[in-house]
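First the structure, in the form of structure tokens, and then the observations on it.
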Amino acid sequence: MSTLPREFYLNDTVTVARNLLGKKITRCIGRQKISGIIIETEAYRHRDDPASHAHSRITERNKAMFEEVGRAYVYFTYGMHYCFNVVARSPNFDAGAVLIRAIDPDEGIEIMEKNRKTKDTKRLANGPAKLAQAMQITKEQYGADLTKKGSLFISEGIERPKVIANSRVGIRKAVEKKWNFKIEI
DNA sequence: CCCTAGATTTACT
DNA sequence: GTAAATCTAGGGC
């Protein structure tokens, strides 16, 4: 299974968020392999999006959102959680990223159970911080190239069922934008 | 099922 | 100083 090409991410962030549903994320740690199908995403853009980390200006934390598309933007929040994003934007935007909010676990479920200290498969990776913990994604993956088969990459997955659009979760600004996307497997 | 409180660090005002 | 793209445990229904 080949990875998604760089051009896949060089599109409107909202479009890429929809297109990422059903794709497969793989994380390789030594000989261990963890993977899952993306089932929930959210788009965060630039000046037109008050809820985005990139809304005001470039900083040490958000700089990945301004750099090469198809790379990882990982941030730390609430004093204890990492969240994983994919840098994506149309050519006429300066910044943008897609937050991966949930996956349907595929390979390496036992490893994820260990990482998450639970055997409840439904709750293994059904939230952005849970997913990062299950897949062992931390600041070390900041800027990782997801178009190459390294320790973290994204490839074709399943046929995408009907997409459900909603307001984004956990934000107070720009609540009217329906940039949260989900599929039901 | 629903709700609320508390954890705990960073980054920006 | 304080809000933050969150989660879990504990209580109630």
Side-chain angles (χ1 to χ4, degrees), chain A residues 9 12-21 23 25 27 34 36 38-67 69-89 93-105 109 111-144 146 152 154 163-184:
Chain A
Y9 304 100
D12 176 13
T13 311
V14 176
T15 306
V16 177
R18 286 176 148 274
N19 291 346
L20 274 172
L21 293 170
K23 302 296 192 243
I25 307 184
R27 171 97 170 96
I34 302 171
I38 299 174
I39 56 173
E40 187 179 355
T41 61
E42 268 172 20
Y44 287 90
R45 299 208 303 205
H46 187 205
R47 301 318 262 275
D48 64 332
D49 184 6
S52 172
H53 287 166
H55 179 241
S56 58
R57 65 182 178 281
I58 186 165
T59 65
E60 192 56 31
R61 173 173 73 157
N62 69 21
K63 65 179 181 185
M65 291 181 74
F66 294 80
E67 293 174 353
V69 298
R71 288 182 177 272
Y73 166 46
V74 182
Y75 68 88
F76 187 68
T77 191
Y78 291 109
M80 49 174 68
H81 298 303
Y82 287 102
C83 294
F84 169 57
N85 299 246
V86 183
V87 180
R89 77 184 90 93
F93 267 68
D94 288 335
V98 176
L99 172 67
I100 310 299
R101 285 194 62 86
I103 59 168
D104 185 37
I109 292 182
I111 306 169
M112 292 195 248
E113 287 173 346
K114 215 169 91 195
N115 290 342
R116 294 265 303 113
K117 302 190 206 305
T118 175
K119 294 217 166 185
D120 187 347
T121 313
K122 285 215 79 165
R123 297 184 175 180
L124 221 42
N126 66 335
K130 299 183 202 177
L131 177 160
Q133 192 184 17
M135 299 193 98
Q136 296 180 40
I137 294 171
T138 69
K139 269 245 175 309
E140 286 193 29
Q141 276 69 48
Y142 194 96
L146 307 168
L152 183 62
I154 302 179
V163 174
I164 308 157
N166 268 302
S167 289
R168 291 173 290 180
V169 177
I171 56 166
R172 300 152 80 133
K173 297 171 190 159
V175 177
E176 76 287 353
K177 289 183 181 1
K178 299 280 194 290
W179 287 355
N180 169 290
F181 303 104
K182 260 191 265 201
I183 54 175
E184 278 164 14

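Order of the sequence lines sets the chain letters (A, B, ...), proteins ahead of strands, with each chain counted from 1.
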### Message
Just to be sure I understand the rule, does A/I171 reach a base, reach only the sugar-phosphate, or reach nothing, if contact means heavy atoms closer than 4.0 Å?
### Response
sugar-phosphate
### Query
Got a sec? Which of residues 173-184 of chain A come in under 4.0 Å of DNA chain B, heavy atoms?
none
### Message
What does the B/S/- profile of nucleotides 8-13 of chain C look like, 5' to 3', with a 4.0 Å heavy-atom cutoff to protein?
### Response
S-----
### Message
Test of understanding: with salt bridge (charged side-chain N to carboxylate O under 4.0 Å, His left out), list the residues that count as partners of A/R101, not counting sequence neighbours.
### Response
A/E40, A/E42
### Query
OH of A/Y75 versus C1' of C/dA3: gap in Å, rounded?
13 Å
### Query
What residues form a side chain to side chain donor-acceptor pair (under 3.5 Å) with A/N115, not counting sequence neighbours?
A/Q136
### Query
Excluding sequence neighbours, so at least two apart, what forms ring pair (Phe, Tyr, Trp, His ring centres under 6.0 Å) with A/F93?
none
### Message
Which residues pass the salt bridge (charged side-chain N to carboxylate O under 4.0 Å, His left out) test with A/R47, not counting sequence neighbours?
### Response
none
### Message
Is any side-chain heavy atom of A/L146 closer than 4.5 Å to one of A/V86?
### Response
yes
#### Entry: Donor-acceptor contact present, side-chain A/Y142 to main-chain A/A64, <3.5 Å
yes
### Query
For nucleotides 3-13 of chain B, read 5' to 3', which letter fits each nucleotide if B means a protein heavy atom sits under 4.0 Å from the base, S means only the sugar-phosphate is that close, and - means neither?
----BBBSSSS
### Query
Base, sugar-phosphate, or nothing: which does A/A129 touch, judged by heavy atoms less than 4.0 Å apart?
sugar-phosphate
### A/Y44: partners by ring pair (Phe, Tyr, Trp, His ring centres under 6.0 Å), with sequence neighbours left out
none
### Message
Below 30° counts as parallel, above 60° as perpendicular, anything between as tilted: where do the rings of A/Y82 and A/F76 land?
### Response
tilted
### Task
If a pair satisfies salt bridge (charged side-chain N to carboxylate O under 4.0 Å, His left out) and one of its residues is in residues 167-184 of chain A, list it, with sequence neighbours excluded.
A/D49-A/R168
### Query
Are any non-hydrogen side-chain atoms of A/D94 and A/R89 less than 4.5 angstrom apart?
no
### Query
ring pair (Phe, Tyr, Trp, His ring centres under 6.0 Å) with A/H46: which residues, sequence neighbours excluded?
A/F66
### Summary
If one requires at least 3 consecutive Watson-Crick or G-U pairs with distances under 3.5 Å, the stems of DNA chain B turn out to be B:1-7 with C:6-12, B:9-12 with C:1-4
### Task
Establish, with yes or no, whether the OP1 or OP2 oxygen of C/dA4 is under 4.0 angstrom from a side-chain nitrogen or oxygen of A/R172.
yes
What side-chain donor-acceptor pairs closer than 3.5 Å can you find for residues 125-134 of chain A, not counting sequence neighbours?
{"from": "A/N126", "atom 1": "OD1", "to": "A/K130", "atom 2": "NZ", "distance (Å)": "2.9"}
{"from": "A/Q133", "atom 1": "OE1", "to": "A/R116", "atom 2": "NH1", "distance (Å)": "3.1"}

